[in-house]
Amino acid sequence: MNRPTPLSGFPEFLPGARAAELAVLDSLRATFELHGFCSIETRSAEPLDQLLRKGETSQEVYLLRRLQAATDDLGAPAGSDLGLHFDLTVPLARYVLEHSGALHFPLRRYQIQRCWRGERPQEGRYREFTQADIDIVGHDELSKDADVEVTEVMAEALSRLPLPPVTLLVNNRKLIQGFYLGIGATDPAAVIRTIDKLTKVGPDAVRRTLTAEAGLDDAQVDRCLALAAISAPDPSFAQQVLALGVSHRLLDEGLSELVRAVESAMHLRSERFSLVADLSIARGLDYYTGTVFEGRMATHGDLSICAGGRYDALATDGRSTYPGVGISLGVTRILAPLIARGVVGADRSVPSCVLVAVATDDHRSGSREVARALRARGIPTEVAPDAVRFGKQIRHADRRGIPYVWFPATAGTTHQVKDIRSGDQVDADPDHWRPPHDDLHPRVTYREEPT
RNA sequence: GUGGGUGUAGCUCAGUCGGUAGAGCACCUGGUUGUGGUCCAGGGGGUCGCGGGUUCAAGUCCCGUCACUCACCCCA
């Protein structure tokens, strides 16, 4: 077979699916900018030693290698190796340090770029994928309001997308860490790592691990599981936490932070977005220090489609530290499975709103004139490629989802435009006719799955 | 990296005991010479993933290999 085969983990969309993806990306960008977040783009490659900091040692990094590299380059120090970034947070940290003198803090930035991970691909897990991140980075300090703000922006961004609803689960690292310290756990980090797997492996497995590896007794494990079982869409979770009778300075601090985050997010709820305080959310990464997020879509099972949190030291150069809080949205992870199942798509595969028909080759210049007049008023228009019979030209439009076919005036006839969905055909003037606003550009279609 | 599954038309798949390569959908043409979708008739399209082996004969059996895919790990 001469036809190339697909590359596992490197998804590519057909034009219609790409149109849907573009519409989603445009929507995200518009929302982020509406909140005053600026865009940055960082280079695709970072020095390998930079990538492997931040407790990300387990990441499968794609290395960059020059085909024509001289042999003695192989002897170069390991630190000079380049790798493709596997997220947008590590590059942000590097960027902030590199440009700290020229940036204004707090820095509110969004970043929509490809990332690469060498792990085995599966549904919803890719080797090349697009991520949309928003972060707020401070200089030495960062207000607690930043946590609320990124929550608000992402809530709005998700609410606007014509996609399945998202639940954002929120917790606070200080709260659970303080709780574990309060019950006498000696290695709270180990407890966090174990609790993070609760939904995956279940309470029995967690109990065994907590006993064996974190050295907790049965009573302590009971209280950990009781804490992790707490979940509420409003600040009422605080009473449940207090009822467990544990006290610790960090616990109190985290509790009030989480209450505040949940309270200020109450008004963000919509049909497509809900926020829940869920004390089983821990996040495995150890650099999170406060609020942690994990977003789920019911269509994606246990896979989280967005994640993030606060880190007291996103970056540090010895003199200054740069605390940050942010959320990453897995654009490819959300879209690729939904597109593959036919749940999400676009109502057309080309941007064209109008196809101008060509009666005969002699009439082509007249058809071009009509197209120019429509384009001059911002209506995406293409001219039929061949002067074949009109039935075939209409079919050309139909196949691509182009909603209108324009029949230019000829000797004895007037200009007419046909809505090929309804079949309605009316007289029209190229300098004045305008389609309904909704027909102007491709739109994302969302069809709920028959379950 | 570990373990399972699957590779046949553009897509989804069938192919019996080893005996001439199939269906549905899609595509093209015509019915319909300036108006699509429905319907009817016809048509094109295959190195059966690749390599080797057994056999008179292999899509089918054996070995190898590659790709895809699912699960574990980890994560958007």
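This is a predicted model, so every value here is computed, not measured. Naming: A, B, ... by sequence-line order, numbering from 1 per chain.
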Partner nucleotide of [N] by Watson-Crick or wobble geometry (both distances under 3.5 Å):
N: A14(B); answer: none
N: G30(B); answer: C40(B)
N: U35(B); answer: none
N: U20(B); answer: none
N: U65(B); answer: G49(B)
N: U55(B); answer: none
N: G3(B); answer: C70(B)
N: U60(B); answer: none

Give me the distance, rounded to whole Å, that separates [N] from [M] when you measure between the [atom1] atoms they each carry.
N: U12(B); M: U69(B); atom1: C1'; result: 16 Å
N: C63(B); M: U54(B); atom1: C1'; result: 11 Å
N: G22(B); M: C68(B); atom1: C1'; result: 24 Å
N: G51(B); M: C56(B); atom1: P; result: 23 Å
N: A14(B); M: C61(B); atom1: P; result: 14 Å
N: C72(B); M: C11(B); atom1: C1'; result: 31 Å
N: A23(B); M: G43(B); atom1: P; result: 12 Å
N: C25(B); M: C62(B); atom1: P; result: 35 Å

Can the ring centroids of Phe10(A) and Tyr126(A) be said to lie less than 6.0 angstrom from one another? no
Taking the side chain of Glu123(A) as its heavy atoms from C-beta onward, which of C74(B), C70(B), G34(B) lies nearest to it? C70(B)
Any idea which of A76(B), U35(B), C27(B) is nearest the Gln425(A) side chain? U35(B)
Distance alone, cut at 3.5 Å: any donor-acceptor contact between the side chains of [X] and [Y]?
X: Tyr311(A); Y: Asp135(A); answer: yes
X: Glu156(A); Y: His35(A); answer: yes
X: Asp278(A); Y: Ser280(A); answer: yes
X: Gln111(A); Y: Arg109(A); answer: yes
X: Ser328(A); Y: Asp133(A); answer: yes

Provide, to the nearest angstrom, the distance between the [atom1] atom belonging to [X] and the [atom2] atom belonging to [N].
X: Arg125(A); N: C70(B); atom1: CZ; atom2: P; value: 10 Å
X: His85(A); N: A76(B); atom1: NE2; atom2: P; value: 14 Å
X: Arg127(A); N: A67(B); atom1: CZ; atom2: P; value: 10 Å
X: Gln122(A); N: C72(B); atom1: CD; atom2: P; value: 6 Å
X: Glu294(A); N: A76(B); atom1: CD; atom2: P; value: 8 Å
X: Arg120(A); N: G5(B); atom1: CZ; atom2: P; value: 16 Å
X: Asp398(A); N: A26(B); atom1: CG; atom2: P; value: 13 Å
X: Lys418(A); N: G36(B); atom1: NZ; atom2: C1'; value: 8 Å

Would you indicate what [X] reaches in the nucleic acid, counting non-hydrogen atoms under 4.0 angstrom: base, sugar-phosphate, or nothing?
X: Ile402(A); result: nothing
X: Thr410(A); result: base
X: Ile420(A); result: base
X: Gly423(A); result: base

Near-parallel close stack of Phe407(A) and G34(B) base (under 5.5 Å, under 30°): no
Tyr404(A) six-ring face occupied by Arg421(A) cation (under 6.0 Å, within 45°): yes
Tell me whether the OP1 or OP2 atom of U69(B) has a side-chain N or O from Ser8(A) closer than 4.0 Å. yes
State whether Lys392(A) places a side-chain N or O below 4.0 Å from either non-bridging phosphate oxygen (OP1 or OP2) of U29(B). yes
Stepwise side chain to side chain contact (heavy atoms under 4.5 Å, CB included) check, Met154(A) with Leu329(A): CA-CA 9 Å; Met154(A) 201 49 91; Leu329(A) 185 68; 4.1 Å; yes
Earlier contact from the 5' end, RNA chain B, for Gln416(A) and Arg389(A): Arg389(A)
On RNA chain B, nearest-nucleotide positions of Cys306(A) versus Gly9(A): which is more 5'? Gly9(A)
